[in-house]
Amino acid sequence: MNVADKASHQDIPSLINIAVVGHTNTGKTSLIRTMLRSNQFGKIEDSAGTTRHVERATIFADNEAILNLHDTPGIEDSHALLRQLKSIGTHHKSFSPIEILEKFIATTSIDDPLEQEAKVIRQILRSDVLLYIIDVREPVLEKYLMEIEILSKAMKPIIPVFNFIANHTAELAIWRKKLAVFNLHTSLEFDTVAFSFEAEKRLYQKIQTLVESHYDQLQKLINYRATVWDQLCLSAAKRIVELIVSVACYRESKRNQSDSHANSTAVQKLKDFVRKSEQSCLRDLLTIFNFSEKDIALQKIPVSNGQWQLDIFAPGVLKAYGLDIGSAALKGAATGAGIDLMVGGLSLGTATALGAIAGTGWSTFKRYGKEIKAKIQGMQWLCVDESTLQILYLRQQQLLSKLMHRGHAAYQADQIDTTTASASEKLPSNWPDIINTLQQNPIWCKPSTARNQDPQYQNIEAKLINALLANG
Ligand SMILES: Nc1nc2c(ncn2[C@@H]2O[C@H](COP(=O)(O)OP(=O)(O)OP(=O)(O)O)[C@@H](O)[C@H]2O)c(=O)[nH]1
Ligand SMILES: [Mg+2]
């Protein structure tokens with residue numbers, strides 16, 4: 001639960017107060033949105049001076065308020081500000097740096113050109129920690145170093161947070177070096193768009209080391225967030241497993257060989273089932289992660305109007321997912337793209353791979369004799385072929401990994417620096433066995449207590465979940 005309201009003088013004293021400061025347009029409000037898991041907080045725009053007032057948001061661990069985040073207007077004119085502070089210092093030689101800052105606030109009127117800066121200074125003096133947000137794409141200009149010099153006068157711990165880090169490693173190194181001159185060694189990389197839970201955890205851990213009096217409260221928050229995150233990822237993985245299982249177990253009965261109309265209706269029915277199942281899974285996954293249309297565009301997820309852009313049965317789909325077309329064609333495609341023929345409990349694709357149809361070997365016959373007999377007797381079903389199941393899995397895996405890496409920050413889709421398509425997407429190690437078992441258990445197509453308590457099913461579910469989450 002998050003609460004955001006205008007800054008007031010009545011901050012709850014026991015809460016740690018964190019001011020989010022920095023040059024204008026560096027992503028301060030974006031960072032707060034990501035930390036709040038809400039895109040309702042403040043206003044974000046790709047232009048200077050978007051945030052005009054200090055705004056407070058409280059972060060909770062379950063029902064317990066843990067910390068206040070204070071969004072501040074961006075510093076725009078550090079030259080003029082530093083000049084002003086120096087001038088106060090010259091007139092009040094005995095003033096400490098903090099007293100100079102206080103004098104500056106007291107003497108800056110509402111219509112002063114440095115009014116925004118005065119709001120920032122007022123907030124930093126009231127805060128326990130400062131998060132100084134840096135746009136690493138920018139060169140280390142003098143004005144930024146002046147900002148740091150000004151902030152350090154408040155004698156508060158400063159944590160530099162590098163934003164826009166994707167594809168900017170060289171710039172990051174330069175920034176680090178420059179900050180070391182100011183004795184700022186504890187920095188963080190936190191791309192608010194390509195959000196990672198680990199980066200957020202490190203942020204709280206850094207604050208913990210700087211404000212030890214709030215160590216336990218922050219630990220509560222870290223633990224709470226970790227639990228919530230794990231649950232979120234687990235329910236998403238479970239939803240994907242449900243999809244794979246229902247599609248792999250699904251069978252459509254095939255009448256007789258000559259009735260081509262009935263057969264093509266059955267093929268259509270099967271394909272519709274797969275498309276609808278995938279679509280409903282997509283909808284659920286986006287809901288679980290609270291993703292909007294805008295987020296989908298930002299993460300370059302190939303989905304429009306709630307549907308995958310590339311139909312799962314489209315001719316180019318195998319190639320698009322880097323699958324071996326040659327071997328897929330050999331195994332499946334008994335009755336049309338994406339459809340296999342199931343004979344008894346055994347699909348033709350599987351049977352061919354096992355050599356059962358070729359009739360080789362006594363042991364194969366002993367194992368699959370019933371299915372082969374069934375084939376001879378003409379009991380046949382249509383099922384989804386293995387390559388389609390592979391695509392189905394890979395597509396959800398890719399989606400899950402994108403859903404697990406995003407903030408609530410970004411605003412314009414074209415601002416993304418990289419796509420997050422991962423080369424490590426692959427099938428679980430025992431994939432053929434898993435599919436084979438699923439295909440032989442059509443009763444698992446729908447959830448049931450019997451299914452969910454079956455150790456063989458539980459084993460498959462666990463393997464798929466582990467594989468999905470290991471890749472996230
Ligand atoms: N690619 C990318 N864009 C970001 C990131 N963080 C913020 N942005 C974008 O940067 C722009 C500025 O973000 P804001 O959060 O409004 O920045 P701000 O520092 O609060 O700006 P002011 O309130 O004007 O000082 C917006 O267009 C954001 O979508 C990031 O990590 N990566
Ligand atoms: Mg802002």
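We count residues from 1, following the sequence as given. Just so it is clear, the model here is predicted, and its values are computed rather than measured. First listed ligand is number 1; within each ligand, the first listed atom is number 1. Just so you know, these numbers use all the heavy atoms, side chains as well, and skip hydrogens, waters and symmetry mates.
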- ligand 1 contact on N163 by region, counting heavy-atom pairs under 4.0 Å: side chain
- Item | Any N or O of T72 closer than 3.5 Å to N or O of ligand 1 | no
- Item | E142 atom CD, neighbour heavy-atom count above 12 within 6.0 Å | no
- Task: State the atoms of ligand 1, each with its element, that fall below the 4.0 Å cut-off from a heavy-atom position in S47.
- Result: 24 (O)
- Message: Using a plain distance cutoff, I'd like to know if T26 has any nitrogen or oxygen under 3.5 Å from a nitrogen or oxygen of ligand 1.
- Response: yes
- Out of R395, K271, R283, which residue meets the salt bridge (charged side-chain N to carboxylate O under 4.0 Å, His left out) rule with E278? R395
- Message: Working to the nearest 0.5 angstrom, can you tell me the gap between T34 OG1 and L203 CG?
- Response: 11.0 Å
- Task: Look at the N, O or S atoms of N25, main chain and side chain alike, and state whether any lies under 2.8 Å from the Mg ion (ligand 2).
- Result: no
- Validation row: K153, I100 side chains within 4.5 angstrom (heavy atoms): no
- Which of the numbered atoms in ligand 1 are below 4.0 angstrom from a heavy atom of N25? 11 (C), 12 (C), 17 (O), 18 (P), 19 (O), 21 (O), 22 (P), 24 (O), 25 (O)
- Could you tell me the separation between the CG atom of L114 and the CD1 atom of I121, rounded to the nearest 0.5 Å? 9.5 Å
- Subset of ligand 1 atoms that lie under 4.0 Å from at least one heavy atom of S30: 6 (N), 7 (C), 13 (O), 14 (P), 15 (O), 28 (C)
- Close-contact set for ligand 1 against G74 heavy atoms, below 4.0 Å: 25 (O)
- Message: Evaluate G49 for polar contact with ligand 1, using N/O atom pairs at a separation under 3.5 Å.
- Response: yes
- Task: For salt bridge (charged side-chain N to carboxylate O under 4.0 Å, His left out), just list the numbers for E200 and R225, CA-CA rounded to whole Å, side-chain angles, deciding distance to a tenth of an Å, and then say yes or no.
- Result: CA-CA 10 Å; E200 188 189 41; R225 286 258 157 128; 2.8 Å; yes
- Q217 side chain to L15 main-chain N or O, any donor-acceptor pair under 3.5 Å? no
- Message: Let me confirm one number: the CZ-CG distance from R239 to L400, rounded to the nearest 0.5 Å.
- Response: 12.5 Å
- Message: Show the atoms of ligand 1 that are less than 4.0 angstrom away from any heavy atom in T24.
- Response: 22 (P), 24 (O), 25 (O)
- Message: Geometry only, no angles: is A48 polar-contacting ligand 1 at N/O separations under 3.5 Å?
- Response: no
- Message: Using a distance threshold of 2.8 Å, state whether an N, O or S atom of T72 lies below it from the Mg ion (ligand 2).
- Response: no
